[in-house]
Amino acid sequence: MVIYDSHQRKKVKFEPIKEKEVRMYVCGPTVYDDAHLGHARSSISFDLLRRTLESLGYKVTFVKNFTDIDDKIIKKMNETGKSLKEITEYYIDSYLRDMGALNVKRADIEPKATESLEAMFDLINKLLEKGYAYKLPNGDIYFDTSKDEEYCQLSHKCQDDEVVHRVETEGKKNPADFALWKACKGENDVCFDSPFGPGRPGWHIECSAMIKKHIAYDGEYEIDIHGGGADLFFPHHENEEAQTHCAYGGHLAKYWMHNGFVQINGEKMSKSLGNSFFVKDALKHYPGEVLRFYLMSTHYRAPLNFSEEDLIASKKRLDKLYRLKKRVYGVNKKQEDKEFQNALLNAMRDDLNISKALAVVDEFVKVANEALDKNPKDKALKQKIVSNIEFIDKLLGVGGSDAYEYFQAGVDEETKAKINELIEKRSAAKKEKNFELADKIRDELKEMGIMIQDTPAGTVWEKV
RNA sequence: GGCGCCAUAGCCAAGUGGCUAAGGCAGGGGCCUGCAAAGCCCUGAUCCCCGGUUCGAAUCCGGGUGGCGCCUCCA
């Protein structure tokens with residue numbers, strides 16, 4: 001496996017800390033709103049990484065957190081009058097539902113900030129003891145970046161001059177210092193008891209603490225891979241790394257991976273720009289699998305400029321896989337096609353080269369169709385095709401649905417009955433060579449958004 | 001201002017020193033079909049511009065032009 005390490009800024013051979021095992025942590029969402037396409041893309045990217053590692057035979061422990069303490073959540077509480085728990089539980093459910101629809105596998109461990117406070121206390125205490133943190137008169141605790149000689153060596157994104165506009169806080173020693181603990185600020189604040197007095201944790205502390213609590217090794221690196229959106233590299237990941245190595249000595253992660261953004265009209269999609277698309281809205285128009293296929297079809301590090309036109313082109317590509325699947329409907333797999341599996345894996349093991357992988361899939365579909373045209377009754381061939389589609393589903397997370405349901409999604413039973421009735425009528429007309437009537441019925445179906453195909457096994461239909 | 005990324009056919013997108021520059025969508029032609037649809041076959045680019053290195057560059061170096069991101073919450 002070769003991956004691009006953001007720290008080294010190049011592709012490197014992946015060598016896990018412990019043989020055949022991978023521990024990875026991906027920054028999850030702050031649960032104050034529904035997931036947008038950017039969250040979806042990040043999830044899918046690391047889901048592909050996980051599936052690839054698993055297919056290569058690694059035992060993967062995958063952790064993705066929920067940030068359920070945050071300024072934006074508090075803001076939402078004040079706006080809605082709802083409790084922290086009401087808000088965060090609602091959006092955690094919503095997130096999991098959306099990602100489930102996109103066929104993203106659940107993480108093995110899904111820690112929440114609110115459930116990891118003890119681990120954060122320990123971390124903050126260590127930093128205070130070792131002199132890497134200082135307390136302000138108002139009770140806030142900050143990380144002292146000037147004490148950490150390695151600060152900024154991870155992302156290389158710091159600078160010496162003061163052109164930076166950082167969060168200005170009274171009493172901070174250096175502009176780059178960041179909050180580890182924010183003391184309780186009054187009635188409307190959310191506060192937790194702590195050894196440092198009532199308050200709440202800073203944003204960066206939780207990831208370091210949760211990694212330590214759940215999956216950290218004791219040696220030079222706590223985990224193998226730490227992932228997240230490209231925007232998190234600095235300052236978020238830089239700060240996590242600083243906290244961890246200052247408190248515990250080891251580096252946080254051996255490899256750092258970051259996914260590129262979803263853009264709208266060439267600009268980053270974000271709430272502040274008012275151009276974000278929610279996953280749940282996209283799912284009203286397209287099946288999750290189609291959305292997944294589209295979002296993953298651009299390499300995870302490259303920006304993806306969202307366009308409905310491209311999404312439709314992408315859907316048509318996936319349609320072809322499912323039409324092939326229809327041709328082998330009901331057949332069980334018997335034996336695995338190692339040659340195909342290796343071709344697909346070899347593409348993905350090169351820093352998730354999805355373009356190459358999808359080209360392998362396209363080629364397989366074409367060759368399979370060709371072979372089926374020649375030998376429509378070749379059972380061994382069909383079994384091999386079934387096996388390959390199963391492998392595509394396992395590795396890429398697409399192609400696992402029922403082939404007929406895929407094309408007929410969103411059509412209610414009543415309409416289905418009517419469609420079947422019309423098709424029967426048309427078949428009868430065809431039998432009597434009444435092609436005029438048959439074509440008329442076909443047009444009628446077309447107007448309903450239904451395309452039909454006459455096959456040796458009878459007429460089948462698809463929703464356009 | 002600091003640190004980076006990107007620019008390949010109408011569109012999406014691989015390839016990063018060397019046979020005829022992957023693949024998909026759209027378009028054109030054909031086979032199949034009662035006609036279609038689906039499927040299959042054929043069909044398209046010398047790689048943003050300029051200069052350099054090299055026997056040889058889309059691929060390396062320098063300089064442009066254009067676009068994007070982080071440095072402030074952010075996937």
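Below, read A as the first sequence line, B as the second, and so on, with proteins coming before strands; counting in each chain starts at 1.
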- request: Please measure how far the C1' atom in G10(B) lies from the corresponding atom in C70(B), and state the result in whole Å.
  value: 33 Å
task: Taking the six-membered ring of Phe62(A) (Phe, Tyr or Trp), confirm whether the NZ or CZ of Lys105(A) is under 6.0 Å from its centre and within 45° of its axis.
output: no
message: I need the CZ-C1' distance between Phe306(A) and A75(B), as an integer number of Å.
response: 16 Å
Contacts of type disulfide bond (SG atoms under 2.5 Å apart), residue Cys27(A), not counting sequence neighbours: none
message: Which nucleotide, if any, forms a Watson-Crick or G-U wobble pair with C60(B), using both distances under 3.5 Å?
response: G52(B)
- request: Find the distance Leu358(A):CG to A13(B):C1' and express it as a whole number of Å.
  value: 10 Å
query: Taking atom C1' in both G66(B) and A26(B), what distance in whole Å separates the two?
result: 26 Å
message: Using a heavy-atom cut-off of 4.0 Å across all strands, would you classify Thr298(A) as base, sugar-phosphate, or nothing?
response: sugar-phosphate
Polar atom pairs (N or O), protein with nucleotides 60-62 of chain B, under 3.5 Å:
none

Using a cutoff of under 3.5 Å, can you pull out all pairs of nitrogen or oxygen atoms linking the protein to nucleotides 67-69 of chain B, with atom names and distances?
| residue | atom | partner | partner atom | Å |
| --- | --- | --- | --- | --- |
| C68(B) | O2' | Gln263(A) | NE2 | 2.7 |
| G69(B) | OP1 | Lys268(A) | N | 3.0 |

task: List for me each residue that meets salt bridge (charged side-chain N to carboxylate O under 4.0 Å, His left out) alongside Lys416(A), sequence neighbours excluded, and say none if there are none.
output: Glu413(A)
- prompt: Which of the following nucleotides, A75(B), G23(B), G34(B), is nearest to the side chain of Phe435(A)?
  reply: G34(B)
Arg292(A)/Val104(A) under side-chain contact (heavy atoms from CB on, under 4.5 Å): CA gap, chis, key distance, verdict: CA-CA 9 Å; Arg292(A) 176 190 176 94; Val104(A) 171; 3.9 Å; yes
task: Let me know which of His7(A), His237(A), His236(A) forms a ring pair (Phe, Tyr, Trp, His ring centres under 6.0 Å) with Trp256(A).
output: His237(A)
query: Nearest-Å distance, CG (Leu291(A)) to P (A75(B))?
result: 18 Å
query: Hey, does the side-chain of Arg442(A) have a donor or acceptor N/O within less than 3.5 Å of a partner on the base of A36(B)?
result: yes
- prompt: On a whole-Å scale, what distance lies between the P atoms belonging to A21(B) and A75(B)?
  reply: 44 Å
query: When rounded to the nearest Å, what value does the distance between C1' atoms of C5(B) and U20(B) take?
result: 32 Å
message: I need the single residue from Tyr404(A), Tyr322(A), Tyr406(A) that forms a ring pair (Phe, Tyr, Trp, His ring centres under 6.0 Å) with Tyr329(A). Which is it?
response: Tyr404(A)
message: I want to verify a distance call: between C35(B), C71(B), G24(B), whose nearest atom is closest to the Pro235(A) side chain?
response: C71(B)
query: Does a donor on one side chain and an acceptor on the other come within less than 3.5 Å for Glu206(A) and Thr67(A)?
result: yes
- prompt: What interatomic distance, in whole Å, is found between P of C61(B) and the corresponding atom of U53(B)?
  reply: 15 Å
message: Looking at U46(B), which nucleotide sits across from it as a Watson-Crick or G-U wobble partner, both distances under 3.5 angstrom, or is there none?
response: none
- prompt: Do Lys76(A)'s NZ or CZ and the ring of Tyr32(A) fall within the cation-pi criteria of under 6.0 Å and 45°?
  reply: no
- request: Send over the distance from Leu154(A) CG to G4(B) P, rounded to a whole Å.
  value: 14 Å
message: Between Tyr286(A) and Tyr294(A) (judged by ring centroids, cut-off 6.0 Å), do the two rings come close enough to count as a pair?
response: no
- prompt: Between Tyr25(A) and Asn65(A), is any side-chain donor less than 3.5 angstrom from a side-chain acceptor?
  reply: yes
query: Nearest of A22(B), A75(B), G24(B) to any side-chain atom of Ala359(A)?
result: A22(B)
- prompt: Taking atom P of C12(B) as reference, at what distance in whole Å does atom CZ of Phe293(A) sit?
  reply: 17 Å
- prompt: Rounded to whole angstroms, how far apart are CG on Leu344(A) and P on G23(B)?
  reply: 17 Å
Proximal nucleotide (of A75(B), C3(B), G34(B)) relative to the Asn259(A) side chain: A75(B)
- request: May I ask you to verify whether the side chain of His36(A) and the base of A75(B) hold a donor-acceptor pair under 3.5 Å?
  value: yes
- prompt: Which comes earlier along RNA chain B counting from the 5' end, the contact point of Ser314(A) or that of Tyr294(A), where each point is its nearest nucleotide?
  reply: Tyr294(A)
- prompt: Hey, does Gly38(A) reach any base, or is it just sugar-phosphate, or nothing, if we go heavy atoms under 4.0 Å?
  reply: base
query: With both distances kept under 3.5 Å, what pairs with C40(B), Watson-Crick or G-U wobble?
result: G30(B)
query: Can you tell which of C73(B), A26(B), G34(B) lies closest to the side chain of Lys316(A)?
result: A26(B)
task: State, without any angle test, whether Lys64(A) and Ser43(A) hold a side-chain donor-acceptor pair at a distance under 3.5 Å.
output: yes
message: Exactly one of Asp337(A), Leu345(A), Val386(A) should register a side-chain contact (heavy atoms from CB on, under 4.5 Å) with Phe391(A). Which one does?
response: Leu345(A)
field: Test: Asp351(A) and Lys10(A) ion pair at under 4.0 Å
entry: no
- request: Determine the Euclidean distance between corresponding P atoms of C71(B) and C41(B); express it in Å to zero decimal places.
  value: 48 Å
task: Could you let me know what G69(B) is paired to, Watson-Crick or G-U wobble, both distances under 3.5 Å, or none if it's on its own?
output: C3(B)
query: Looking just at side-chain N and O atoms, do Arg327(A) and Asn369(A) make a donor-acceptor pair shorter than 3.5 Å?
result: yes
message: Which is more 5' along RNA chain B, the nucleotide nearest Asp439(A) or the one nearest Tyr4(A)? Just name the residue.
response: Tyr4(A)
- prompt: Base, sugar-phosphate alone, or nothing: which one does Asp310(A) contact when heavy atoms must sit under 4.0 Å apart?
  reply: sugar-phosphate
Nearest-Å distance for atom pair CD/C1', residues Gln8(A) and G4(B): 16 Å
task: Could you name each residue pair satisfying side chain to side chain donor-acceptor pair (under 3.5 Å) that touches residues 356-366 of chain A, not counting sequence neighbours?
output: Arg317(A)-Asp362(A)
field: Separation of the C1' atoms in U54(B) and U59(B), to the nearest angstrom
entry: 13 Å
message: Once you apply a heavy-atom cut-off of 4.0 Å, does Val460(A) come out as touching a base, just sugar-phosphate, or nothing?
response: nothing
Nearest-angstrom distance, C1' atom, A14(B) to C25(B): 15 Å
- prompt: Reading nucleotides 37-43 of chain B from the 5' end, what letters show protein touch, with B for base, S for backbone sugar-phosphate only, - for no heavy atom under 4.0 Å?
  reply: BSSSS--
query: CG of Asp33(A) versus P of C73(B): gap in Å, rounded?
result: 18 Å
